[in-house]
> 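Have a look at the structure that comes next, please.
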Amino acid sequence: MPELPEVETVKAALVPVMTGAKVRYAEIRRPDLRFPLPTNLKSFLEGGTITSVKRRAKIILIRAANHVMMLHLGMSGSVRISDHKPNSQPHDHVEIAVEKQGQSHWIVLNDPRRFGYIDLVHERDFNNHKSIAALGPEPVSIADDPEPDNVLDIAYLNKALEGAKAPIKSFLLDQRQIAGLGNIYVCEALHRAGISPKRKAYSVKGKRAARLLPAIQDVLHEAIGQGGTSLRDHKQPDGKLGYFVQSLKVYGREGEPCLACDTPIISIKQSGRASFYCSICQR
DNA sequence: CTCCTGACCTGAGTGC
DNA sequence: TGCACTCAGGTCAGGA
């Protein structure tokens, strides 16, 4: 499911119920997702008080007691929040009950494909964690989270593009270059910027690069404002859909007319993933 | 190094 | 109805 806007939507829903809340119990229903779950996850959570909920790239960071619980939703992960103990659904792997100012909430992680993961690291080791250390800058900063000191700008983008021989599509999916983009928003940003996904990254410069930066930032901001994009699995934690699906210009629109020029949208495979684009508008 | 492929896993959709 | 096959918001190891 989730790229940056979907993860941001989940994080934003967790903030008010988890920040400052005490964990009443945690139920871990299987030993692993993509990786083995930390064996001390249950004992870490139970009785602890959550100090903050943040996001870096596509990872949700839940802090307590000098530790960071890292939650990645993979392709199909989602979170439900309710004010009563929820009925168990297939693939509900973790259930956490929290209490804050006398108010109880239940938080459930569901992940059919189990490409997601949870890890737990001491605060001092966090920046060296292999999922964190190599990440590129955040493409956008939302209400100072993540901290705006590491946000993509045109100087960084131009430098990173230099000498990158991969297609711009692959470049933008690479979390070491820019963190948080995925298949939907790369396709959409390239369409907005008028750049072909097949173009070599190093050849994106000057005016093209100057269009790419705001194209990425605008599409992410707009998607976050709509609660993300619901295709199959993604729902907001309150059960609502992500309405940005209605704003997609190319993703999933193979054969349908380009909204700018009527040319049918093309789908090609690039490094195993579908790229949707307009061969006229994107050069 | 960089770049690409295949693997991981389940469920939904399609075509015969 | 059933079966085989393809495809899906993401990484990650391994090979060229």
Side-chain angles (χ1 to χ4, degrees), chain A residues 1-11 30-37 55-60 70-79 89-93 109-119 129-136 139 160-190 197-202 216 219-220 222-224 226-237 241-255 267-276:
Chain A
M1 133 209 179
E3 303 180 37
L4 189 155
E6 292 75 35
V7 178
E8 178 62 28
T9 299
V10 172
K11 182 217 76 179
R30 55 176 299 131
D32 60 330
L33 294 174
R34 177 169 190 173
F35 306 118
L37 291 165
R55 178 190 58 74
R56 172 76 168 109
K58 301 170 189 170
I59 306 168
I60 295 172
M70 301 166 56
L71 170 61
H72 195 297
L73 299 173
M75 286 279 263
S76 59
S78 63
V79 168
Q89 305 289 321
H91 311 298
D92 280 352
H93 304 309
L109 170 67
N110 184 285
D111 185 1
R113 294 177 74 182
R114 306 200 302 275
F115 286 173
Y117 63 81
I118 295 177
D119 207 353
H129 189 282
K130 70 178 169 63
S131 299
I132 295 292
L135 288 175
L161 287 165
E162 262 180 46
K165 291 194 305 183
I168 187 66
K169 169 73 188 303
S170 312
F171 173 92
L172 294 173
L173 284 174
D174 185 346
Q175 304 295 296
R176 294 167 303 183
Q177 306 294 350
I178 301 170
L181 295 175
N183 209 29
I184 295 178
Y185 299 107
V186 167
C187 290
E188 293 298 313
L190 286 173
K198 294 191 287 191
R199 177 177 281 277
K200 300 282 191 188
Y202 63 71
I216 291 168
V219 76
L220 293 176
E222 289 172 30
I224 291 164
Q226 300 285 307
T229 299
S230 289
L231 296 178
R232 283 162 290 273
D233 300 296
H234 173 64
K235 278 186 186 163
Q236 302 189 52
L241 296 173
Y243 295 103
F244 193 73
V245 64
Q246 298 166 3
S247 303
L248 298 176
K249 302 272 201 302
V250 287
Y251 186 89
R253 296 193 63 243
E254 182 180 12
S267 172
I268 60 170
K269 281 273 186 215
Q270 289 182 290
S271 44
R273 326 250 352 232
S275 293
F276 298 91

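Within every chain, numbering begins at 1; the chains are lettered A, B, ... in the order of the sequence lines, protein sequences first and strands thereafter. Note that these values count all heavy atoms, side chains included, but never hydrogens, waters or copies made by symmetry.
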> Can you check the K169(A) NZ to dG10(C) C1' distance for me, whole Å?
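The answer, rounded to whole Å, is 12 Å.
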> Take the protein atom CD of Q89(A) and the nucleotide atom C1' of dG11(B), then report the distance between them rounded to whole Å.
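Answer to the nearest Å: 15 Å.
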> Can you give me the closest heavy-atom contact between R253(A) and L248(A), atom names plus distance?
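Heavy-atom minimum between the residues: CD-O, 3.6 Å.
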> Are any of Q175(A)'s side-chain N or O atoms less than 4.0 Å away from OP1 or OP2 of dT11(C)?
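Result: yes.
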> Determine: side-chain N/O of R114(A) to OP1/OP2 of dT10(B), distance under 4.0 Å, yes or no.
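So the side chain of R114(A) is within the cut-off, an N or O lying under 4.0 Å from OP1 or OP2 of dT10(B).
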> Could you tell me whether the side chain of S76(A) and the main chain of R113(A) form a donor-acceptor pair under 3.5 Å?
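A pair under 3.5 Å: yes.
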> Which whole-number value in Å describes the distance from D111(A) CG to dG10(C) P?
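Rounded to whole Å, this separation is 13 Å.
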> Can you tell me the distance, in whole Å, between the OH atom of Y202(A) and the C1' atom of dT2(B)?
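Nearest whole value for this atom pair: 14 Å.
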> What is the distance, rounded to the nearest whole Å, between atom OH of Y251(A) and atom C1' of dG10(C)?
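Interatomic distance, OH of Y251(A) to C1' of dG10(C): 12 Å.
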> Please determine, for dC9(B), whether a Watson-Crick or G-U wobble partner exists with both distances under 3.5 Å, and give it or none.
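Its partner: none found.
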> So which nucleotide from dG11(B), dA8(C), dT11(C) ends up closest to the side chain of R34(A)?
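Between dG11(B), dA8(C), dT11(C), the one nearest the side chain of R34(A) would be dT11(C).
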> Scan F244(A) against the nucleic acid and name what it touches under 4.0 Å (heavy atoms): base, sugar-phosphate only, or nothing.
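The answer is nothing, as F244(A) stays clear of every strand by at least 4.0 Å.
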> For nucleotides dG14(C) and dC9(B), find the distance between their P atoms and express it as a whole number of Å.
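The answer is 16 Å between these two P atoms.
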> To the side chain of P112(A), which of dG10(C), dC12(C), dG11(B) is closest?
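Output: dG11(B).
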> Between dA8(C), dC3(B), dG10(C), spot the one nearest the side chain of A274(A), thanks.
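Output: dA8(C).
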> Tell me whether the side-chain N/O atoms of K269(A) come closer than 4.0 Å to OP1 or OP2 in dA8(C).
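Checking K269(A) against dA8(C): at least one side-chain N or O falls below 4.0 Å of OP1 or OP2.
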> Distance check: side-chain N/O of H91(A) vs OP1/OP2 of dG11(B), anything under 4.0 Å?
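So the side-chain polar atoms of H91(A) do come within 4.0 Å of the phosphate oxygens OP1 or OP2 of dG11(B), strictly under.
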> Do we see F115(A) stacking on the base of dC9(B), given a limit of 5.5 Å between centres and 30° between planes?
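One would not call F115(A) stacked on the dC9(B) base.
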> Looking at the side chain of K165(A), which of dG10(C), dC3(B), dC12(C) is the nearest nucleotide?
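The answer is dC3(B), which lies nearest to the side chain.
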> For DNA chain B, whose closest nucleotide is more 5', that of P90(A) or that of S170(A)?
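Between the two, 5'-proximity favours S170(A).
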> So which heavy atom on L181(A) is nearest to which on Q175(A), and how close?
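Where L181(A) meets Q175(A) most closely, the heavy atoms are O-NE2, 2.9 Å.
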> Between R113(A) and dA8(C), does any side-chain N or O lie under 4.0 Å from OP1 or OP2?
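Checking R113(A) against dA8(C): no side-chain N or O falls below 4.0 Å of OP1 or OP2.
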> With a 4.5 Å limit on heavy-atom distance, are the side chains of I168(A) and V186(A) in contact?
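No, side chains not in contact.
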> For the pair made of NZ in K200(A) and C1' in dC3(B), what is the distance, rounded to whole Å?
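Distance check: K200(A) NZ to dC3(B) C1' gives 9 Å.
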> Name the closest nucleotide to the S271(A) side chain, picking from dC4(B), dG11(B), dT11(C).
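For the S271(A) side chain, the nearest candidate turns out to be dC4(B).
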> Give me the atom names and distance for the closest heavy-atom approach of P112(A) to N110(A).
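Closest approach of P112(A) to N110(A): CD-OD1, 3.3 Å.
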> Figure out the CZ/P separation between R176(A) and dC1(B), and round it to whole Å.
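In whole Å, dC1(B) P lies 10 Å from R176(A) CZ.
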> Do S131(A) and Y117(A) touch side chain to side chain, with heavy atoms closer than 4.5 Å?
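Contact flag for S131(A)/Y117(A) side chains = yes.
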> For H72(A) and dC12(C), what is the distance between atoms NE2 and P respectively, to the nearest whole Å?
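For the pair H72(A) NE2 and dC12(C) P, the rounded distance is 7 Å.
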